[in-house]
Amino acid sequence: MKRSIVLVTVTAALGLAACTSTPAPDSTATSSSTTPPAAQVATTVVTQTVTNPPAPPARPVIGSFGYGDLKLGMTLKQALDAKLIGPAIEPSDGCSLHEIAGTKERLWVSPKVGVASISFTADMTADGAGIGATEDKLKAEYTNLEPTGPNYTWVAEADNNPNAKFVFGVNADTKKVVAAFVSLKGQDCHN
């Protein structure tokens with residue numbers, strides 16, 4: 001908007017100057033009349049520094065080590081400082097359950113091992129495999145799935161993290177993922 005006003009002001013001033021300026025006197029012409037002085041035009045140029053706003057922070061995604069800045073094994077204090085979880089939903093002397101900010105998913109924090117397990121939906125991942133995905137999508141993204149039981153359907157070793165695994169539950173009727181966790185092996189919060 002300000003650039004448009006400056007441009008219109010400068011253009012108008014130049015146009016006015018062109019209309020009111022007089023040509024330079026011809027040295028060969030003889031005239032007894034005096035040419036009036038050219039009208040003076042004052043122009044003001046306004047400059048404005050334009051900066052691009054900073055890019056929004058990258059959306060956290062689930063990986064072998066956790067969810068964005070929220071990592072498996074973090075202490076409760078470190079997890080709270082990451083600003084991705086709220087206070088305990090179900091405080092206890094044992095594991096505490098917390099909601100992950102901006103999602104309806106949860107994580108468990110153990111007093112012994114720290115962040116023990118993080119649940120996730122398909123839209124919290126880079127590959128679209130999580131709660132809500134089809135079993136076919138899950139199998140396409142996790143080629144190392146192994147059957148497990150009794151409460152879940154599949155388990156997969158976490159890439160590049162020998163201390164973690166992915167656990168999935170699939171509804172036998174709908175063939176949709178109904179549970180998805182990245183967990184520390186041997187965590188003590190849930191089965």
Side-chain angles (χ1 to χ4, degrees), residues 52-191:
N52 292 328
R59 178 180 68 88
V61 293
I62 286 290
S64 296
F65 293 89
Y67 179 63
D69 290 336
L70 193 59
K71 305 297 183 196
L72 293 170
M74 282 182 152
T75 65
L76 176 58
K77 181 180 179 342
Q78 290 170 325
L80 290 167
D81 289 347
K83 307 280 189 231
L84 288 173
I85 65 169
I89 296 169
E90 296 176 11
S92 72
D93 292 335
C95 294
S96 57
L97 182 63
H98 301 260
E99 188 167 299
I100 301 170
T103 75
K104 294 188 188 289
E105 296 310 306
R106 297 176 176 185
L107 67 84
W108 290 259
V109 181
S110 161
K112 294 178 187 171
V113 299
V115 174
S117 188
I118 303 170
S119 68
F120 61 93
T121 61
D123 63 348
M124 292 170 68
T125 69
D127 57 21
I131 297 171
T134 64
E135 186 173 30
D136 288 341
K137 175 67 174 174
L138 179 67
K139 287 178 177 179
E141 297 301 331
Y142 290 85
T143 57
N144 62 340
L145 287 171
E146 297 289 333
T148 192
N151 298 320
Y152 300 104
T153 314
W154 301 104
V155 64
E157 294 294 316
D159 294 337
N160 303 315
N161 186 353
N163 299 317
K165 63 184 177 180
F166 288 93
V167 180
F168 300 96
V170 176
N171 180 295
D173 296 326
T174 64
K175 301 295 184 194
K176 292 265 188 158
V177 177
V178 294
F181 304 95
V182 61
S183 299
L184 285 175
K185 291 178 179 175
Q187 57 86 13
D188 58 345
C189 291
H190 63 88
N191 55 5

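Note: hydrogens, waters and symmetry copies are ignored here, and every other heavy atom, side chains too, is used.
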- Query: Shortest non-hydrogen contact from T153 to E135?
  - Reply: CG2-OE2, 4.4 Å
- Message: Tell me if the centroids of the rings in F120 and Y67 come within less than 6.0 Å of each other.
- Response: no
- Message: Which residues pass the ring-ring contact (aromatic ring centres under 6.0 Å, His included) test with F181, not counting sequence neighbours?
- Response: W108, Y152, H190
- Query: More than 12 foreign heavy atoms under 6.0 Å from CG of D69: is that the case here?
  - Reply: no
- Compare all side-chain heavy atoms of K185 with those of E157 and state whether any distance is below 4.5 angstrom. yes
- Message: Using every non-hydrogen atom in the two residues, find where V177 and G130 come nearest and quote the distance to one decimal.
- Response: CB-O, 3.3 Å
- Task: Please report the shortest heavy-atom distance between H98 and V109, naming the atom on each side.
- Result: CD2-CG2, 3.8 Å
- Do T134 and D136 have a side chain donor and acceptor closer than 3.5 Å? no
- Spacing of CZ belonging to F166 relative to CG belonging to L145, to within rounding of 0.5 Å: 10.5 Å
- Query: Shortest non-hydrogen contact from D188 to S110?
  - Reply: OD1-OG, 2.7 Å
- Check whether any side-chain heavy atom of T103 sits under 4.5 Å from a side-chain heavy atom of T121, and report yes or no. no
- Query: Are side-chain heavy atoms of Y142 and W154 found at a separation under 4.5 Å?
  - Reply: no
- Item | For N160 against F65, the heavy-atom pair lying closest together | O-CZ, 3.1 Å
- Query: For the side chain of K137 and the backbone of D127, is there at least one donor-acceptor N/O pair under 3.5 Å apart?
  - Reply: yes
- One should read off an interatomic distance between D81 CG and L70 CG, to the nearest 0.5 angstrom, of 11.5 Å
- Item | Check: L184 main-chain N/O paired with Q187 side-chain donor or acceptor under 3.5 Å | no
- Task: Mind listing the closest non-hydrogen atom pair of S119 and I100 along with its distance?
- Result: O-CD1, 3.8 Å
- Interatomic distance, N161 atom CG to K71 atom NZ [nearest 0.5 angstrom]: 10.0 Å
- Item | Pairwise side-chain contact, N163 with L72, heavy-atom cut-off 4.5 Å (strictly under) | no
- Message: So R59 and V61, do their side chains get closer than 4.5 Å, heavy atoms only?
- Response: yes
- Whether K165 side chain and P162 backbone form a donor-acceptor pair below 3.5 Å: no
- Straight-line distance of E105 CD to D123 CG, nearest 0.5 Å: 8.5 Å
- Nearest 0.5 Å please: distance from the CG atom of N151 over to the CG atom of N191. 4.0 Å
- Atom pair OG (S96) and CD1 (I85), whose distance is rounded to the nearest 0.5 Å: 7.0 Å
